[in-house]
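Comments concern the structure below.
Residues take their numbers from the sequence shown, with the count starting at 1. For the numbers below, each heavy atom of this structure counts, side chains included, while hydrogens, waters and symmetry mates do not.
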Amino acid sequence: MEVQISKGNWNKIQNYANAAYDLYRAEIGGMAVCVENKEGDWVIEQPIILKQEVSGGNCVLDKGELARYYTKVGINKKYKNANYRFLWWHSHHTMGAFWSGTDLTAIEEFSEGDFSFALVVNLKEEYKM
């Protein structure tokens, strides 16, 4: 199994991370959808940011916005017959791409059901999936 992302969607996540650092010296996070393709690989689609609180060492997605996001994806006709999971992503700006204790706690929160995906990126375009 592989996880794939288009250059455009990768750039979108990196641009969010760069903007958050440039404007606020902060981390930022968001969500995306991972869709299983015919080969059994997963493709990351539609990365977005939601209302959140950001700081130099943390980002917390608004729970109400997150609930609306899950509902919006769930009723999207595009995913009606697709095998999909949610991806939580966030940035570590100038730090390494690693799972912090806070990240591991958040991953547990986002892992309802059988499994989900998590991604951390930094400004050097390093990542951990």
Side-chain angles (χ1 to χ4, degrees):
M1 172 187 78
E2 289 186 12
V3 178
Q4 304 165 358
I5 188 169
S6 70
K7 183 68 173 162
N9 283 331
W10 174 255
N11 288 343
K12 192 174 200 180
I13 291 171
Q14 286 299 140
N15 289 338
Y16 286 140
N18 279 294
Y21 185 72
D22 290 347
L23 292 171
Y24 307 110
R25 296 292 189 250
E27 294 185 359
I28 194 165
M31 297 297 294
V33 179
C34 287
V35 180
E36 188 175 28
N37 65 19
K38 293 176 185 175
E39 293 78 33
D41 295 327
W42 294 86
V43 180
I44 299 171
E45 298 183 351
Q46 301 182 349
I48 64 160
I49 55 174
L50 302 170
K51 180 179 174 184
Q52 61 194 278
E53 292 184 28
V54 300
S55 70
N58 201 10
C59 57
V60 179
L61 301 180
D62 181 89
K63 291 191 186 301
E65 287 295 310
L66 189 57
R68 283 185 278 286
Y69 170 75
Y70 287 145
T71 302
K72 184 177 178 181
V73 170
I75 63 172
N76 187 326
K77 291 178 184 176
K78 178 179 180 178
Y79 302 115
K80 181 179 180 185
N81 295 314
N83 187 19
Y84 71 91
R85 301 294 186 280
F86 292 103
L87 167 89
W88 169 66
W89 66 267
H90 76 288
S91 67
H92 272 186
H93 50 73
T94 59
M95 299 183 294
F98 65 95
W99 301 127
S100 69
T102 303
D103 296 342
L104 294 173
T105 299
I107 289 168
E108 286 297 316
E109 286 181 24
F110 288 114
S111 64
E112 295 293 324
D114 53 0
F115 70 95
S116 61
F117 293 92
L119 171 68
V120 61
V121 302
N122 66 17
L123 300 182
K124 295 180 199 174
E125 296 198 30
E126 299 168 332
Y127 67 92
K128 185 168 183 113
M129 181 77 181

Problem set entry | Working for side chain to side chain contact (heavy atoms under 4.5 Å, CB included), residues Asp62 and Leu50 | CA-CA 7 Å; Asp62 181 89; Leu50 302 170; over 6 Å; no

Problem set entry | Residues which pass side-chain hydrogen bond (donor to acceptor under 3.5 Å, both in side chains) with Arg68, listed by chain and number, not counting sequence neighbours | Glu65

Any donor-acceptor pair under 3.5 Å from [X] side chain to [Y] backbone:
| X | Y | answer |
| --- | --- | --- |
| Gln4 | Asp41 | no |
| Asn122 | His92 | no |
| Asp103 | Ser100 | yes |
| His93 | Gly56 | yes |

Using the rule that Ile, Leu, Val, Met, Phe, Trp and Tyr join whenever any side-chain heavy atoms are under 4.5 Å apart, tell me whether [X] and [Y] fall into a single cluster.
| X | Y | value |
| --- | --- | --- |
| Leu119 | Tyr21 | no |
| Val54 | Leu23 | no |
| Met1 | Ile5 | yes |
| Leu104 | Val60 | no |

For this session: Could you label the plane-to-plane angle of the His90 and Trp88 rings as parallel, tilted or perpendicular, counting under 30° as parallel and over 60° as perpendicular?
Result: parallel

For this session: Determine the interplanar angle of the Trp10 and Tyr127 rings, folded into 0 to 90°, and report it as parallel if under 30°, tilted if 30 to 60°, perpendicular if over 60°.
Result: perpendicular

Closest contact, heavy atoms only, [X] versus [Y]:
| X | Y | value |
| --- | --- | --- |
| Gln14 | Val121 | OE1-CB, 3.5 Å |
| Ser91 | Ala26 | OG-O, 4.5 Å |
| Ile107 | Ala118 | CG1-CB, 3.7 Å |
| Trp99 | Met129 | CZ2-C, 3.8 Å |
| Ile13 | Pro47 | CG1-CB, 3.6 Å |

Problem set entry | Atom CD of Glu39: over 12 foreign heavy atoms under 6.0 Å | yes

For this session: Please check if atom OH in Tyr24 has more than 12 non-hydrogen atoms from other residues, nucleotides or ligands closer than 6.0 Å.
Result: no

Seminar exercise, completed: Rounded to the nearest 0.5 Å, the CE atom of Met31 sits from the CD atom of Gln52 at a distance of 11.5 Å

Seminar exercise, completed: Rounded to the nearest 0.5 angstrom, the CZ-SG distance for Phe86 and Cys34 is 10.5 Å

Exercise. With Lys124, which residues qualify under salt bridge (Lys or Arg N to Asp or Glu O under 4.0 Å), at least two apart?
Worked result: none

For this session: Using the side chain to side chain contact (heavy atoms under 4.5 Å, CB included) rule, take Trp89 and Ile28 through it: C-alpha gap first, then chi angles, then the decisive distance, then the call.
Result: CA-CA 9 Å; Trp89 66 267; Ile28 194 165; 4.1 Å; yes

For this session: Determine, step by step, whether Val73 and Tyr84 satisfy the side chain to side chain contact (heavy atoms under 4.5 Å, CB included) criterion, reporting the C-alpha distance in whole Å, the side-chain angles of both residues, the deciding distance to 0.1 Å, and the verdict.
Result: CA-CA 10 Å; Val73 170; Tyr84 71 91; 3.8 Å; yes

